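In what follows, a structure is listed as structure tokens, so that the remarks can point back to it.
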Amino acid sequence: MSHRTALRRGRTVAVAGLITAAAFGLTACNGTGGSTAVPAASAAADNGAGNSTGSGNNTGSGNSTGTGGTTGGSGSAGTPSAKAGDGAAAAAGDGSGRGGDQVARCTTDGMQAGWGAEGGGVPDMKTDQQQTVAVWLKNISGSPCRISGFPGVQIKGTEGTTWDLRRSGQAPQPKVLKPNAHTSFTITLLPGTRADDHKVEPGLVLITPPNEKKHFQLQWPYGGAILDQSGATHPGTFVNPVNVA
């Protein structure tokens, strides 16, 4: 073999090695999160909750009641809240029942929920830009509890439609809530403002904590409408995990 042939072959092997290394690097970077939405578990209607309509015009000045007929109000000041409903809803979570410290999982019966928290303010429903709204969850069980994962969020439109929101690509973060402590999660939403938009006017929003089956029932206090992308692969409206600002 001539010196020139050996040199050419050595360069070919080196280039192939660089291509393989680059391909491996691209593969390792994919799937690390971001804003890509993936399917989330739905919160099913119960006890006639699916027939509740006309609450999309709620201005947020009243309290939202759960299906059990109780009201919250011990969380963020001035924000509608609710205790747990009695319905069976498929929860979205990380699958962990107890943490390494053996702290019990937070349950719907041991929490309250309401609108508003750090990381999300009042959404502007008159814009066509993505907005953020937050939901707080408070531990009222009297004992510490562990919470991690994605909540189930179902929007019930005033016209009778239902929309189970997809998950974002953010990674869940575990957290232990002391008694009377709060955590929150955010919903990223895309308002529908044009006359020819296919829209959903929210009336009620069913919130199922991670790994739970019971849900909270909150009235939508912000008015407006959300662009209906319920059939989209990457919708502009999706839910983020708890404990992640």
Side-chain angles (χ1 to χ4, degrees), residues 28-44 66 72 74-76 79 81-121 130 132-155 164-189 205-218 234-235 237-245:
C29 291
N30 287 334
T32 56
S35 61
T36 303
V38 295
S42 63
S74 56
S76 301
T79 58
S81 63
K83 286 187 178 179
D86 297 327
D94 63 355
S96 61
R98 292 177 177 265
D101 52 3
Q102 297 300 303
V103 175
R105 186 183 74 238
C106 295
T107 65
T108 308
D109 289 333
M111 289 189 289
Q112 286 181 327
W115 297 107
E118 293 183 5
Q130 277 185 321
T132 300
V133 62
V135 177
W136 55 261
L137 298 169
K138 179 182 179 181
N139 177 14
I140 61 170
S141 68
S143 301
C145 66
R146 178 182 174 87
I147 187 168
S148 177
F150 286 83
V153 176
Q154 183 184 81
I155 296 174
D164 299 313
L165 298 191
R166 292 175 177 264
R167 301 177 185 179
S168 74
Q170 295 191 64
Q173 299 293 328
K175 184 176 183 179
V176 174
L177 292 181
K178 295 180 180 180
N180 297 315
H182 293 76
T183 188
S184 63
F185 67 90
T186 59
I187 300 171
T188 301
L189 59 90
V205 181
L206 307 187
I207 305 294
T208 308
N211 303 297
E212 285 293 289
K213 293 183 178 180
K214 290 184 177 181
H215 63 254
F216 299 103
Q217 179 174 289
L218 299 177
H234 304 291
T237 297
F238 50 85
V239 61
N240 299 300
V242 295
N243 312 324
V244 178

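Position 1 is the first residue of the sequence, and the numbers go up from there. Please read these numbers as outputs of a predicted model, since none were measured by experiment.
Listed here is the closest heavy atom pair of Val244 and Ala171: CG2-O, 3.7 Å. Of all heavy-atom pairs between Thr237 and Leu189, the closest is OG1-CA, 3.4 Å. Shortest non-hydrogen contact noted between Pro210 and Ser148 is CB-O, 3.2 Å.
You'll find the side chain of His215 stays beyond 4.5 Å of the side chain of Ile207, heavy atoms only. No side-chain heavy atom of Thr132 sits under 4.5 Å from any side-chain heavy atom of Ile187. You'll find the side chain of Pro174 stays beyond 4.5 Å of the side chain of Asn243, heavy atoms only. Residues Cys106 and Leu137 have side chains not in contact (no heavy-atom distance under 4.5 Å, counting atoms from C-beta outward). Under the 4.5 Å side-chain criterion, counting only non-hydrogen atoms from C-beta, Lys138 is in contact with Asn180.
Atom OG1 of Thr208 and atom CD of Gln217 lie 11.0 Å apart (nearest 0.5 Å). Atom OG1 of residue Thr108 and atom CG of residue Asn211 lie 10.0 Å apart, to the nearest 0.5 angstrom. Between the CG atom in Asn240 and the CZ atom in Arg167 there is a gap of 12.0 Å [rounded to 0.5 Å]. Taking CD1 of Ile147 as the start and CE of Met111 as the end, the distance is 4.5 Å to the nearest 0.5 Å. For the atom pair Ile155 CD1 and Leu218 CG, the distance stands at 12.0 Å (nearest 0.5 Å). Note that NE2 of His234 is 13.0 Å distant from OG of Ser168, once rounded to the nearest 0.5 Å.
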**Request:** Would you please test Val135 and Trp115 for side-chain contact (heavy atoms from CB on, under 4.5 Å) and show each step?
**Result:** CA-CA 5 Å; Val135 177; Trp115 297 107; 3.5 Å; yes
**Asked** When you look at Gln130 and Phe238, which way does the side-chain contact (heavy atoms from CB on, under 4.5 Å) test go after all the steps?
**Response** CA-CA 11 Å; Gln130 277 185 321; Phe238 50 85; 3.9 Å; yes
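For Thr107, the side chain to side chain contact (heavy atoms under 4.5 Å, CB included) partners are Asp109, Glu212, not counting sequence neighbours. Taking Ser141 as the reference, Asn139, Ser143 meet the side chain to side chain contact (heavy atoms under 4.5 Å, CB included) condition, with sequence neighbours excluded.
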